[in-house]
Protein chains: 2
Amino acid sequence: MSKVDKDSIIRAAEDVVRERGARKLTLDAVAEKCGLSKGGLLHHFRTKQSLLKAMLEAATARESELTAEFVAAGCGAAGGTLYARIESLFTLMEDDESLPRSLIAAVAEDPALLEPIKTREALIRREVCESSSDPELAQLLLYAARGLFLGRVLNVMEPDDPVYERLHARLLELCADID
Amino acid sequence: MSKVDKDSIIRAAEDVVRERGARKLTLDAVAEKCGLSKGGLLHHFRTKQSLLKAMLEAATARESELTAEFVAAGCGAAGGTLYARIESLFTLMEDDESLPRSLIAAVAEDPALLEPIKTREALIRREVCESSSDPELAQLLLYAARGLFLGRVLNVMEPDDPVYERLHARLLELCADID
DNA sequence: GCTAACATACCGTCCAGTTGGTCGGTTTTG
DNA sequence: CAAAACCGACCAACTGGACGGTATGTTAGC
């Protein structure tokens, strides 16, 4: 029996987005994907917005988890949390472009969605600042990684462009310089 | 006589987006805004997608124009085109957040929209690389500006956060270092 | 027998795109 | 030169389907 809890619904929604794009993330599609009727789906998430919010939270949680793993694996030793943050960003975007892209679309259409995320963002900023000898530069590096992230998930940059790997490496070097 | 050409339609569409948000950019709304019937509007842009494409092109054109102005004004002297590019990004995002946000939403929902923009992007990259003694770092600085841009238009960062101005200043310093 | 977890059926709205036509001007042709 | 044919710009009304959400069950477990 495929258990149908909120997590599996979120996973189904992610699959829908990956397979059919942001525009096609519809309640019917999600319901079908997780073998539920629309009514059943709406029993768990009373509105589409709340489903989107949960998806966003799941995504950011995964990012933080991944960061923690990188820190645990010792990457942190070379450049504070910043290094791990950036590595997890790169990992995520290499793993999957369409999900982040769709989440960006959702957030851009309805900024209220990321209210709950702002606190986490503030936390990241503090973390990054405190673990570095040059907090401003550290933040800029984080933003650079995010800018690259955006370019990548929006397909502005070809996924196999060699410059991409070079910039990645260079970013990590710069991180190490200011740990 | 309010002339109704493609440009004025695009301006109307931008107004709609600014006033009512990305989600509400509907053909009817645009038509009403520029005093045209929907049929008339669709005479100029045969699909909504083509209107969006035109809006994107207009926005990127404005950005390049603004960059050229900064270069002409002598800002370029201190850090190549990169400086001007970054300044124009900051100018744009301080000027208006909702239009860029909506364009990002549109692009994220339909990546095909920015196919025509990729060539311009390639041009920017070349420009930035050629005008700097450290092309990789120059690109990273550009991406950092874009990351900041994203954070700003998505309201992840408070618009009046003082750190924002500090990062802006620091970015420009770094530009000057590698001109 | 009460609640959580579903299902079925339906509603109302929104909205991109279509249809078929009007109207003023320009070009063609007899 | 004038009628006819044509054309670009525009409009009002409509269609058809997608989609979020509701209303009303049904069933299984405690």
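Reminder, nothing fancy here: chain letters follow the sequence lines and each chain counts from 1.
As a whole-Å value, the separation of A/Lys48 NZ from C/dT13 P is 19 Å. With rounding to whole Å, B/Lys24 atom NZ is found 11 Å from C/dT13 atom C1'. Atom pair A/Leu36:CG and D/dT26:P shows a separation of 19 Å (rounding to whole Å applied). As rounded to whole Å, 13 Å separates atom C1' of D/dC19 from atom CG of A/Leu41. Per the geometry, CZ belonging to A/Arg23 stands 15 Å off P belonging to C/dC14, to the nearest Å. If you measure from atom CG of A/Leu27 to atom P of C/dC11, you get 19 Å, rounded to the nearest angstrom. Straight-line distance from the CZ atom of A/Phe45 to the C1' atom of D/dG21: 16 Å, rounded to whole Å. Rounded to an integer number of Å, the gap from B/Arg46 CZ to D/dA9 P is 13 Å.
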Chi angles and distances behind the side chain to side chain donor-acceptor pair (under 3.5 Å) call for B/His168, B/Glu173: CA-CA 9 Å; B/His168 179 184; B/Glu173 268 176 49; over 6 Å; no
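A heavy-atom distance below 4.5 Å is not found between the side chains of A/Glu97 and A/Met93.
An OP1 or OP2 oxygen of D/dG8 is reached within less than 4.0 angstrom by no side-chain nitrogen or oxygen of B/His44. A close approach under 4.0 Å does occur between a side-chain nitrogen or oxygen of A/Thr26 and OP1 or OP2 of D/dG20.
A 6.0 Å sphere centred on NZ of B/Lys6 holds more than 12 heavy atoms belonging to other residues, nucleotides or ligands. For A/Glu136, the CD atom is densely surrounded, since the number of other residues' heavy atoms within 6.0 Å is greater than 12. Within a 6.0 Å sphere centred on NZ of B/Lys118, heavy atoms belonging to other residues, nucleotides or ligands number more than 12.
Taking the ring centre of B/Tyr143 as origin, the terminal cationic atom of B/Arg146 falls inside the region bounded by 6.0 Å and 45° from the ring axis.
Between B/Tyr164 and B/Phe90, the gap from one ring centroid to the other is short of 6.0 Å.
Closest to the side chain of B/Asp28, out of C/dA16, D/dA12, D/dG20, is C/dA16. For B/Leu42, the side-chain atoms get nearest to C/dG17 when compared with the rest of C/dG17, D/dC10, C/dA7. Of the candidates C/dA7, C/dC15, D/dG21, D/dG21 carries the atom nearest the A/Thr47 side chain, counting heavy atoms from C-beta on.
Each end of the helix from C/dG1-D/dC30 to C/dG30-D/dC1 gets its own rotation axis from five pairs of C1' atoms, and the angle between them is 20° to the nearest 10 degrees.
Summary of the strand contacts: A/His43 and A/Lys38 both lie near DNA chain C, and taking for each the nucleotide with the nearest heavy atom, the more 5' one is attributed to A/His43.
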